[in-house]
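Presented below is the structure to which this report refers.
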Amino acid sequence: MSILQVGLKLLLSPLGANIVTRTACCTVGIAFPVYSTFKAIEEKERSEQERWLLYWAAYGSFSLVETFSDKILSWFPLYYHMKFVFLVWLQLPSGNGARHLYSRHLRPFLLKHQDRLDQLHDFITREIMKFTISHQGEIEFLKGMLKRFASTANLIVKEAHQPVQRRGQNTIEGPNELTRPRIQGSGSDSEN
């Protein structure tokens with residue numbers, strides 16, 4: 001049995017189908033296109049770059065619509081199966097799904113509303129710049145915290161991967177500096 005046959009059986013099986021189809025949608029809709037986009041950029045193939053730009057425009061538009069309708073649509077039987085098929089259709093070079101969706105629906109919509117969208121884009125850009133300038137101190141603080149968190153996490157991961165040094169089984173050890181009580185002056189611990 002080939003990998004494709006096993007994948008199709010898993011995709012179409014009712015047991016765990018929701019988890020499998022959601023994972024398949026994420027893999028086909030995001031992971032594969034990210035790598036394909038990377039390849040198109042690195043190999044400087046203009047036609048492949050255009051193909052993946054069209055895909056991301058179509059996928060982004062679909063994701064925007066899905067954000068508002070997912071709670072309703074996910075209740076429909078086979079919703080994630082249909083989404084999977086749609087994502088494959090967007091990518092297939094033979095079907096030109098992304099090009100079709102872009103040229104027939106997305107481009108005319110964006111051209112019609114371009115002036116208002118440009119105004120909205122400019123407004124949001126200005127507001128982000130104002131926010132960034134007025135909160136520069138907080139942003140620098142957060143950057144520092146993130147750097148410290150990342151370095152601490154990195155140390156924890158490194159320590160977790162280092163093998164633990166085993167001590168001899170017959171070794172007798174006394175208290176170490178951390179567990180040995182400190183004696184201050186000549187009085188006992190109970191005197192304060």
Side-chain angles (χ1 to χ4, degrees), residues 7 11 17-154:
L11 194 62
N18 200 16
I19 293 169
V20 172
T21 53
R22 286 179 129 185
T23 303
C25 287
C26 186
T27 302
V28 167
I30 300 171
F32 179 72
V34 164
Y35 186 72
S36 297
T37 303
F38 160 77
K39 293 288 285 181
I41 291 168
E42 292 300 311
E43 294 174 1
K44 296 175 179 40
E45 288 189 38
R46 180 115 169 96
S47 63
E48 282 297 298
Q49 290 173 352
E50 181 181 328
R51 176 178 168 220
W52 290 108
L53 273 173
L54 289 170
Y55 171 79
W56 287 114
Y59 179 82
S61 303
F62 170 73
S63 293
L64 188 64
V65 170
E66 187 184 37
T67 299
F68 298 106
S69 61
D70 187 47
K71 299 295 181 202
I72 296 167
L73 293 176
S74 63
W75 285 92
F76 286 99
L78 302 176
Y79 167 69
Y80 288 104
H81 293 82
M82 291 183 288
K83 179 180 175 179
F84 178 80
V85 169
F86 174 72
L87 293 172
V88 170
W89 174 75
L90 284 179
Q91 294 177 34
L92 286 177
S94 59
N96 283 326
R99 182 178 299 282
H100 174 79
L101 191 66
Y102 177 81
S103 63
R104 298 263 171 101
H105 303 285
L106 187 57
R107 185 172 186 270
F109 174 82
L110 293 174
L111 286 173
K112 181 178 178 183
H113 301 286
Q114 187 172 2
D115 290 337
R116 279 186 266 169
L117 291 171
D118 283 343
Q119 290 172 354
L120 180 63
H121 178 269
D122 293 344
F123 172 75
I124 290 172
T125 302
R126 281 193 309 273
E127 292 302 311
I128 289 172
M129 291 303 293
K130 283 183 200 174
F131 179 84
T132 303
I133 291 168
S134 66
H135 296 287
Q136 192 65 38
E138 293 92 339
I139 292 169
E140 290 301 319
F141 174 76
L142 286 173
K143 282 166 85 175
M145 290 292 293
L146 286 172
K147 283 181 183 178
R148 284 192 292 274
F149 175 75
S151 65
T152 302
N154 190 22

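Owing to the predicted nature of the structure, the values given are computational and were not obtained by experimental measurement. Heads up: numbering here begins at 1 and tracks the sequence.
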### Query
Do the non-hydrogen side-chain atoms of Lys39 and Trp52 ever get within less than 4.5 Å of each other?
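Answer no - side chains too far apart.
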
Spacing of [atom1] belonging to [X] relative to [atom2] belonging to [Y], to within rounding of 0.5 Å:
X      : Y      : atom1 : atom2 : result
Asn154 : Phe149 : CG    : CZ    : 11.5 Å
Glu138 : Gln136 : CD    : CD    : 9.5 Å
Tyr80  : Cys26  : OH    : SG    : 11.5 Å
Ile124 : Leu120 : CD1   : CG    : 4.0 Å
Leu106 : Leu111 : CG    : CG    : 9.5 Å
Ile128 : Ile133 : CD1   : CD1   : 12.0 Å

### Under 3.5 Å donor-acceptor, Tyr55 side chain and Gly29 backbone
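Here the side-chain-to-backbone pair exists.
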
#### Entry: Backbone of Leu73 reached by a side-chain donor or acceptor of Glu66 within 3.5 Å
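A pair under 3.5 Å: no.
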
### Task
Would you please test Tyr59 and Gln91 for side chain to side chain contact (heavy atoms under 4.5 Å, CB included) and show each step?
CA-CA 10 Å; Tyr59 179 82; Gln91 294 177 34; over 6 Å; no

### Query
Which heavy-atom pair separates Leu101 from Ala58 by the least distance, and what is that distance?
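Looking at all heavy atoms of both residues, the shortest contact is CD2-CB, 3.7 Å.
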
### Task
Please name the pair of heavy atoms, one in Ala40 and one in Glu48, separated by the smallest distance, quoted to 0.1 Å.
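Minimum heavy-atom separation between Ala40 and Glu48: CB-CB, 3.7 Å.
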
### Query
Among all residues two or more places apart in sequence or in another chain, which pass the ring pair (Phe, Tyr, Trp, His ring centres under 6.0 Å) test with Phe76?
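Expected list: none.
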
### Task
For this output row, return yes or no: ring centroids of Phe109 and His113 closer than 6.0 angstrom.
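Ring centroids of Phe109 and His113 are less than 6.0 Å from each other.
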
### Query
What residue pairs, at least two apart or across chains, pass ring pair (Phe, Tyr, Trp, His ring centres under 6.0 Å) with a residue in residues 115-134?
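Residue pairs passing ring pair (Phe, Tyr, Trp, His ring centres under 6.0 Å), neighbours aside: Phe131-His135.
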
### Message
So, using salt bridge (charged side-chain N to carboxylate O under 4.0 Å, His left out) as the criterion, who are the partners of Glu50 when residues are at least two apart?
### Response
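Applying salt bridge (charged side-chain N to carboxylate O under 4.0 Å, His left out) to Glu50 gives Arg99.
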
### Query
Once the angle between the rings of Phe86 and Phe62 is folded into 0 to 90°, is it parallel (under 30°), tilted (30 to 60°) or perpendicular (over 60°)?
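Because their plane-to-plane angle lies in the 30° to 60° range, the rings of Phe86 and Phe62 count as tilted.
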
